[in-house]
2 protein chains.
Amino acid sequence: MSDSLSITLDRSSPVPLYHQVAQQLELAIRQGVLAPGDKIDNEIALANALGLSRPTMRQAIQTLVDKGMLVRKRGVGTQVVHGKIRRNVELTSLYDDLAAAGQQQRTEVLALQRESADEALAAHLRLTPGEEVWTLHRLRFVNDEPLALLRNHLPVALVDLADAELETSGLYEHLRRAGIHLRVAEQRIGAKSADEQERELLAAGDVPLLTMERTAFNDAGAVIEYGHHVYRSDLYAFEITLVDR
Amino acid sequence: MSDSLSITLDRSSPVPLYHQVAQQLELAIRQGVLAPGDKIDNEIALANALGLSRPTMRQAIQTLVDKGMLVRKRGVGTQVVHGKIRRNVELTSLYDDLAAAGQQQRTEVLALQRESADEALAAHLRLTPGEEVWTLHRLRFVNDEPLALLRNHLPVALVDLADAELETSGLYEHLRRAGIHLRVAEQRIGAKSADEQERELLAAGDVPLLTMERTAFNDAGAVIEYGHHVYRSDLYAFEITLVDR
DNA sequence: GTCAATGCTTTGTCAGGACATATTGACGTA
DNA sequence: TACGTCAATATGTCCTGACAAAGCATTGAC
């Protein structure tokens, strides 16, 4: 039912057909044209309607199944199950989330310098001690209240932060613009009490802090970034949508 | 290089061929037979060697690419990038993790009862107030130290906990055995100070607590479970591997 | 000796077909 | 009425074939 959705294909576009279909399907779901519970037409009918082969149509649907937005049942059909799905890597990008929520935010760069990695840091970045790394300390405010203390380290060989506009945009956005694609990230989320420096910077009296440690890898498996952040737990929490396959 | 890996296929098995290949490839990577950096043979050669078609071989490789263990580059080949990858849903299953680490653990069921859902709980489980739900409170110990207070709610209509052996195995294991497949989960991780009851049960003096709130959905998009847990942050942290596609 | 053009390798995309299997509902029979 | 059988339907699996596009190395010209 509800095949009022209109999908247009551009065969001269470099964007793969299955991706064009997937994008327009996802948009339809996010915008509510297809609501949770709605059944979409079967693969063969859809493929015919769009002038595509069944494998291509399947591939389009599969990407949305992997995102957790559609569910297929053999002998039954394909159904919409979920509208809003959160992007994966970064768990949640603090910068983007706050921007999306319309919160006024501000970032203060406390330190940005090149230095040689000590043993512990080299281990995190999988370098040999002594190699040069960027060290970046930032303090992020929301509505003029300090929210998070962000400490990051990146190998100089792979990233250039010299001209990064880190006060006005996120670190990950800078990496994306530099053509660096983060593929895998290992994260560890915990909690701790604030130490003296953190209490001072974050103006958090006895508020427990949420900690996040992350190592991010690019396509080649090289470490791009190691960060350890602390957040005021009264102002922030991590949200994520997980999909099991 | 390093095609000493031996993959055996059973065409009479109900397990799909691409899945058999993927499983054995994953095992080889996890066991270090294929180490990060190793290149595997190209799709066509592998397919021929196993007597499979290229699409089937591709499908096998794709599942490992989606898990973040392999990376493909057009014109180059396929490489191993990551050995250890953590399972997805549950972020991390406390019970399984502790068992894998060889820690001695014990679970105490504080409460298990059927009751009718109040307004707040009904909203979490997407029921109408008054419908019956299971309420489960557990206290989990590691090495005889209290680690976490687990509070869960499940709709009576979808799950039966009457005979669940919740002292000796995890809740998720019980659900799996009952044939319930969790497909999507929304989680929220934060931190807070312990209240009086939590301080008493967890014997945590001034240790901040890590909180986890989760809503889990099955294939049909129905809510199977809502849980809010607290963990002693000096003994536990969430670990997760994220893959971007 | 340097650099650009070219060709090879490998994955990416797309088509079309065949059979298997799970689910549902209709039908027929006890 | 109750139960089992069967057919229709939809997705799951697997195959063959073809061309496109990106990376890399080799070749060739200057």
Side-chain angles (χ1 to χ4, degrees), chain A residues 1-3 7 9-25 37-66 69-81 179 181 183 218-220 245, chain B residues 1-3 7 9-23 25 38-66 69-81 179 181 183 218-220 245:
Chain A
M1 15 221 96
S2 112
D3 41 2
I7 291 178
L9 294 180
D10 176 5
R11 282 186 171 275
S12 68
S13 161
V15 177
L17 295 173
Y18 72 88
H19 197 249
Q20 294 184 34
V21 176
Q23 277 185 321
Q24 293 179 56
L25 267 178
D38 282 0
K39 259 175 51 173
I40 66 176
D41 279 346
N42 70 65
E43 299 173 352
I44 300 178
L46 281 173
N48 288 340
L50 295 173
L52 295 172
S53 70
R54 189 184 159 209
T56 302
M57 194 61 222
R58 262 185 84 74
Q59 197 174 358
I61 293 175
Q62 186 61 45
T63 64
L64 298 187
V65 170
D66 287 342
M69 304 178 81
L70 293 179
V71 165
R72 301 204 254 213
K73 284 208 206 86
R74 190 192 301 209
V76 179
T78 304
Q79 254 186 323
V80 180
V81 284
H181 179 213
R183 185 97 183 44
N218 69 0
D219 285 331
R245 268 170 295 153
Chain B
M1 25 211 92
S2 116
D3 42 2
I7 291 177
L9 295 179
D10 178 4
R11 293 190 96 95
S12 68
S13 159
V15 178
L17 295 174
Y18 73 88
H19 196 247
Q20 294 183 35
V21 176
Q23 276 185 322
L25 266 178
D38 282 1
K39 259 175 50 173
I40 66 175
D41 280 345
N42 69 64
E43 299 173 355
I44 301 179
L46 281 173
N48 288 339
L50 294 173
L52 295 172
S53 70
R54 189 182 158 211
T56 302
M57 194 62 222
R58 262 185 84 75
Q59 197 174 357
I61 293 175
Q62 186 61 46
T63 63
L64 297 188
V65 170
D66 286 343
M69 305 178 81
L70 294 179
V71 165
R72 298 204 255 211
K73 282 205 205 88
R74 190 191 302 208
V76 179
T78 304
Q79 254 186 322
V80 180
V81 284
H181 179 213
R183 186 98 181 44
N218 69 0
D219 285 332
R245 267 168 298 152

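Letters A, B, ... mirror the listed sequences (proteins, then strands); counts begin at 1.
- Between the P atom of dT13(D) and the CE atom of M57(A) lies a distance of 18 Å, rounded to the nearest Å.
- Look at CD1 on I61(B): it is 11 Å from C1' on dT10(C), rounded to the nearest Å.
- Interatomic distance, T56(A) OG1 to Q20(A) CD, rounded to the nearest 0.5 Å: 11.5 Å.
- Between E43(A) atom CD and dA15(C) atom P the separation is 14 Å, expressed in whole Å.
- L46(A) places its CG atom 13 Å from the C1' atom of dT11(D), with the value rounded to the nearest Å.
- Rounding to whole angstrom units, CD of residue Q62(A) and P of dC14(C) are separated by 16 Å.
- Nearest heavy-atom pair, I44(B) versus R54(B), reported as atom, atom and distance to 0.1 Å: CG1-CD, 3.9 Å.
- At whole-Å resolution of the value, CD1 in I44(B) and P in dC15(D) are 15 Å apart.
- Distances shown here put a side-chain N or O of R72(A) below 4.0 Å from the OP1 or OP2 atom of dG12(D).
- One atom, CD of Q59(A), and another, C1' of dG16(C), lie 15 Å apart when rounded to the nearest Å.
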For nucleotides 16-25 of chain D, read 5' to 3', which letter fits each nucleotide if B means a protein heavy atom sits under 4.0 Å from the base, S means only the sugar-phosphate is that close, and - means neither? B-B--BBS--
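- Within residues 14-23 of chain B, the residues approaching DNA chain D are P16(B), L17(B), Y18(B), by heavy-atom distance under 4.0 Å.
- Counting to the nearest Å, the P atom of dC15(D) and the CZ atom of R58(B) are 15 Å from each other.
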